[in-house]
Structures are given as C-alpha cells and as structure tokens.
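Remember, it's 1-based here, ligands and their atoms both numbered in the order they're listed. The figures that follow rest on heavy atoms only: side chains count, while hydrogens, waters and symmetry mates do not.
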Amino acid sequence: MSTDDTPLDSDATAASGDDALVSVRDLEKYYYEQDSLLDTILRRDPDAVKAVDGVSFDVKEGETLGLVGESGCGKSTTGETVLRLREATGGSVTFRGEDITQLDGSDLKDFRRDANIVFQDPFSSLDPRMTAGQSIAEPLNVHGLPKSDPTVDAAVDLTTEGVDSSDVTVSVADDVDRAVDPVDGTATVHLRVTRDDGGVHADATENVDVTVEERDGGTIAVDVAVDRGKRALRRERAAELMERVGLSADQLDRYPHEFSGGQRQRIGIARALALEPDFIVLDEPVSALDVSVQAQVLNLLDDLQEEFGLTYLFIAHDLSVVRHICDRVAVMYLGEIVEIGATDEIFEDPRHPYTRALLESVPRADVTEAGRDVDPLSGDVPSPRDPPSGCHFRTRCPVVIPPDDLDIEQEAFRAAMDVRDRLERGDLAAADVESADDWRTAYDGDPDALPAAAREAFADAFESLAGGDEDAAAARLRETFETVCERDNPALGDSTHPAACHRVD
Ligand SMILES: Nc1ncnc2c1ncn2[C@@H]1O[C@H](COP(=O)(O)OP(=O)(O)OP(=O)(O)O)[C@@H](O)[C@H]1O
C-alpha cells in the first residue's frame, strides 16, 4: 500500500508470474437461479447470473490492488471467490503457485489461515452475542490454535546481573512456541537472571512462565514453560491484537454494540489478522464509516501492511479512496475487468469510457488531471442475467462507434440506437405506428440533421412497422445502425495498461 509510483513497465494484468502471490485466470462465478416448476417440466437450462464472467489479474506480493466499479459489477463475488468463500464455476485462482479451487481437507484449511477477508459492514460481520475478544479469538479456536509446531526449535537468550552465567542452567519446554513467535524456525525466550538483596530472580521478555531455584552449591536452575491452556493463550493473543489495531485490551469483554463503527471495523481487522494471513481481501472496509474515521482506518491498514508484509485486494466503489492506497487498480463492469493499470495511470490517463465516467463521479479536487469532458454515468448497470451483446458497457457508453459507412454525430447515433433498443425490447411495437413518417416523432433528436442513409432506414423500418412486420423493421435498423460495439466484446489486452474498448488499440 505504498504511495510510491509502481513501475509501469511490468505487465499490468499478469504480474509476470514470479512475484504474483495471487493469480486469477478466466475466473467465472455464475449463480443459477432456482428453476421454476415450468422450467423443470420443460427441462429448460437454468438462467445464469453471470456475476463474474472471465476475469484475470494478478496480485503481487506486498502490493494493494484496487478493484473498483459500481454496485452490482461483481466485485464482492470476485473477492469471495478468490478466497474460496464461494465456489468458482470456471477458471482458476492460484495462491503461491497452487490452484486453490482444487484444494480440500487440510490443504483448504491451511489456505484459510493464509488468506482472509474484512467485510464492509462491521456490525453485521460481528456476532452480537460474542465479545470483542471472543470474535477476535474465534478463528484461532476453529483452527485449534495456538499449538506447538514440532519443527520449531526452542532457545534461550540469557543475560545475568550479579550472577555468573556459568552457574545458571535453563530448561525451555519444547512447546514455548505456543506463546513465543518463532523467527526463522526458532522460538527464542529472552531471559534475565538477577541477584539482589531479596535473592535470585528470573524474568522473561516474552509471556512465558518462569520458575527459578537456587540449589546447594550455588547453581541456579531456571525452568521456562507455557503453563496456560489454549483458552488463556487465545485471550492473550486477542488482547495483543486489540492493542495492535488501536483499541485497548481492557475492552476485550465488551460487545459489538458498545463500540463505535470505526472501533467495530478495527475489531473486524484484528479478527482477520488473528491467523497471521499473508493476503487479505478488504471488501469496502471504510464505506460504512463516517468520513472522519475513514482516514484513520485506512492509515491503520497501511501500517499493518507494512508491519506484517500483507498483500491486499481492496474493493471499493469510490475511486477517491482507491487513489491514495492502491498501487494498481482494476476497473470492473458487469462481471468483467475493463481496464487495469498503475493507479496514477488510471487517474491521469483513463482509457476506458467507463473508467472516465467513474472518475467524473469523484469529488472534483481529486480528478483535476482527468479533466471534465465526459458525462457522468447515467442509468443503472444492466442485469448480469442478460448482459448486452458485445461490449457490456455499450448501452451506457457515450462514445459508441457508428458503422464506418455512416457519417453521423455521436448524439444522433445514440438517439437512433435508442429507437432500435426500444423496438428490440418491445417498447415500440407495430400497434404504436400508423405511417412511415412516425419515425420523426419516435426519434429523440433533429430528424432533418440525420444523414440521408439514416433517414431512409427509419422510413423503411417504420413502413414495415405500420404494416405490422416488427422483425423486418428491426432488421432494417440493424442493417444501417449496427455497431462493432454490439457485435464484438473487446478483449482486455496484455499491455502495461490495457482497456477493453474498441477505441483503444
Ligand atoms: N447469491 C446470489 N445469487 C444470485 N445472484 C447474486 C448472488 N450474489 C450476488 N448476485 C448478483 O451478482 C451480481 C454481482 O454482485 P456483487 O455483490 O458481487 O457485486 P458488487 O460489485 O460487489 O456490488 P456491491 O458493491 O453492491 O456488493 C449482482 O447482480 C448481484 O445481484
């Protein structure tokens, strides 16, 4: 989550394999709606909601990749499918080179320790009947942690004062790694043995149980062990995490409703950190918070990323949030990624008309570089059950490409396409038309400003309509006004900053 410029000479979609922690390829998540009885009787194929429809991207180790787009574009479904909280219906997700869509049993459980999620709404994502401490410790409980790792060695780093170190023998229990974080495969207890007027004392920096005994002959025996049970250790870990996310360990026994929104989100973050993951999906982590606390939570996420070397997939609909914390940004529209690139490039040189329109909805101060020459988005995202043919954005796109042989202004072309859409949707029917000339009222623009070929096409089509032949009318309009944008779905290239648009090379 650095604000430094990311090198732009790397491939934007694929992080060239080696440095990718997560690689997503052609990911699909289709939801199949419950069939009606009639569907079952007629053996119709179930309707698919194509929430994620062939998405590919990499998240490099240590980076923050933003995933942005309007509500309903499939961002959450992507995040949850990448984490295997939902099952993919196609494609692959590779984590450290292993396809996690194929994992099961203990391998899947291991992946769940490595990758976690912070949800948007910290109130509904926390169980109201659990205290903060219980919520944070729950993942440890589920995984039976903390437990000792037999491959970790136990060691002691001894210092003495008033005692000759050669007189001290220390025995460290093998399982101290339950309470002492190992470094490079060794859990080291830092022990200090001192003598003062009261006798000999032994203290450890770590939270372990130390007993000291002075034996005949002047030798000193120190035992280091972890005597607390798992439950107590989990509570200690929860307390540490509370402090790390900016809360007080004294609040461990409070319930979610006793915290503010920002504090609840901190608890959600502590819970996500409990298993020491490498990768976290942040699903709109600050969208539900007051603007005044958003920056604090973003700063916390930034600090945690640096301290623990975390990799983030940051989901947001608000581009202004993304700008300051993401290294790269992927823009999603109706189940597809339409543009991906380094954050500065996305903001300073947006290539896809959808990205430009999204930038238009960002508060003005944040997009001075992008200019203000694009209309903000109008209308809603179409249904992913029946996405538009070709480029999914074409029904809202302000720069649809007219046919080569039709010399027509964009606005006039859009108005002509509206007539076509209404006819094809059934909103304009033969019953609404009496004569060929009726096209002049159906067309929302200056009919006389249209090129002759367009006027002829309308007149022919409306004559067919007046005669009751809707199919012939639709065919005539398609023949004249069909655009490449509805024929072909533009692919996302593999350049440094690709955009899936017929206008972008
Ligand atoms: N369980 C489900 N069954 C059917 N359709 C679903 C299901 N979950 C999501 N969808 C649909 O999939 C599409 C993508 O939803 P998703 O929540 O992933 O989008 P999003 O971009 O994250 O939006 P939001 O910001 O509102 O969460 C939407 O049309 C949604 O209605």
Side-chain angles (χ1 to χ4, degrees), residues 22 24 26-36 39 44-57 59 64-91 93 101 115-125 261 265 268 272 280-289 294 297-298 312-322 325-326 329-340 346 352 354-355 357-359 361-362 377 379-389 392-393 395-396 489 492 500:
V22 181
V24 176
D26 306 318
L27 187 69
E28 281 177 8
K29 175 62 187 177
Y30 292 179
Y31 296 108
Y32 291 94
E33 302 276 88
Q34 199 70 41
D35 293 358
S36 70
D39 290 333
R44 283 188 195 140
D45 285 340
D47 254 355
V49 176
K50 297 176 178 176
V52 179
D53 198 11
V55 154
S56 300
F57 59 86
V59 194
T64 300
L65 176 70
L67 190 59
V68 302
E70 288 161 289
S71 183
C73 283
K75 308 179 298 293
S76 298
T77 303
T78 301
E80 289 167 16
T81 311
V82 164
L83 290 181
R84 216 33 225 272
L85 299 174
R86 296 183 185 276
E87 295 295 332
T89 47
V93 177
T101 60
N116 216 325
I117 188 163
V118 173
F119 291 103
Q120 170 177 352
D121 181 352
F123 202 65
S124 57
S125 62
Q265 193 55 300
I280 302 185
V281 172
L282 302 164
D283 191 351
E284 306 243 14
V286 297
S287 305
L289 306 180
Q294 287 189 356
V297 173
L298 290 174
Y312 290 150
L313 178 66
F314 189 103
I315 295 174
H317 62 268
D318 183 347
L319 268 162
S320 58
V321 169
V322 161
I325 57 168
C326 292
V329 176
V331 180
M332 204 166 172
Y333 187 74
L334 212 48
E336 300 178 334
I337 289 182
V338 296
E339 181 165 358
I340 184 167
I346 294 286
H352 198 283
Y354 180 60
T355 311
L358 273 185
L359 282 167
S361 37
V362 169
L377 279 166
D380 296 326
V381 181
S383 164
R385 191 174 297 111
D386 185 20
S389 64
H392 291 359
F393 186 55
T395 53
R396 302 167 77 197
N489 192 2
L492 187 71

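- With hydrogens and angles disregarded, no donor-acceptor distance shorter than 3.5 Å links the side chain of Lys29 to the backbone of Val49.
- Put simply, the side chain of Gln294 gets close to the backbone of Leu289: a donor and an acceptor are under 3.5 Å apart.
- You'll find the side chain of Glu28 stays beyond 4.5 Å of the side chain of Lys50, heavy atoms only.
- Of the polar atoms of Gly72, at least one N or O is found under 3.5 Å from an N or O of ligand 1, judged by distance alone.
- Some N or O of Ser76 is nearer than 3.5 Å to an N or O of ligand 1, by distance alone.
- Residue contacts with ligand 1 for Pro384 involve side-chain atoms from C-beta outward but no N, CA, C or O (heavy atoms, distance under 4.0 Å).
- Contact analysis puts Glu284 in contact with ligand 1, with a non-hydrogen atom separation below 4.0 angstrom.
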Worksheet item: Should Phe314 and Leu298 be marked as a side chain to side chain contact (heavy atoms under 4.5 Å, CB included) after you check the CA-CA gap, both sets of side-chain angles, and the distance that decides it?
Response: CA-CA 11 Å; Phe314 189 103; Leu298 290 174; 3.8 Å; yes
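- The protein non-hydrogen atom at the shortest distance from atom 24 (P) of ligand 1 is Ser71 OG, 3.6 Å.
- Counting protein heavy atoms under 4.0 angstrom from atom 9 (C) of ligand 1 gives one or more.
- Taking atom 5 (N) of ligand 1 as the reference point, the nearest protein heavy-atom neighbour is Tyr31 CD1, 3.4 Å.
- For a threshold of 3.5 Å applied to N or O pairs, the pair formed by Cys73 and ligand 1 contains at least one separation below that value.
- Annotation: Lys75 places an N or O atom under 3.5 Å from an N or O atom of ligand 1; distance criterion only.
- Relative to atom 15 (O) of ligand 1, the option among Asp283, Val381, Thr77, Thr81 with the closest non-hydrogen atom is Thr77.
- Judged by the shortest distance from any of its heavy atoms, Arg385 lies outside the 4.0 Å radius around the atoms of ligand 1.
- The distance from atom CD1 of Ile280 to atom CG of Leu313, rounded to the nearest 0.5 Å, is 11.5 Å.
- Within the 4.0 Å heavy-atom cutoff, Gly69 does not count among the residues contacting ligand 1.
- At least one N or O atom of Gly74, backbone or side chain, sits closer than 3.5 Å to an N or O atom of ligand 1.
- Among all protein heavy atoms, the one lying closest to atom 11 (C) of ligand 1 is Val49 CG1, 4.0 Å.
- Note that atom 31 (O) of ligand 1 has no protein non-hydrogen atoms nearby, at separations under 4.0 angstrom.
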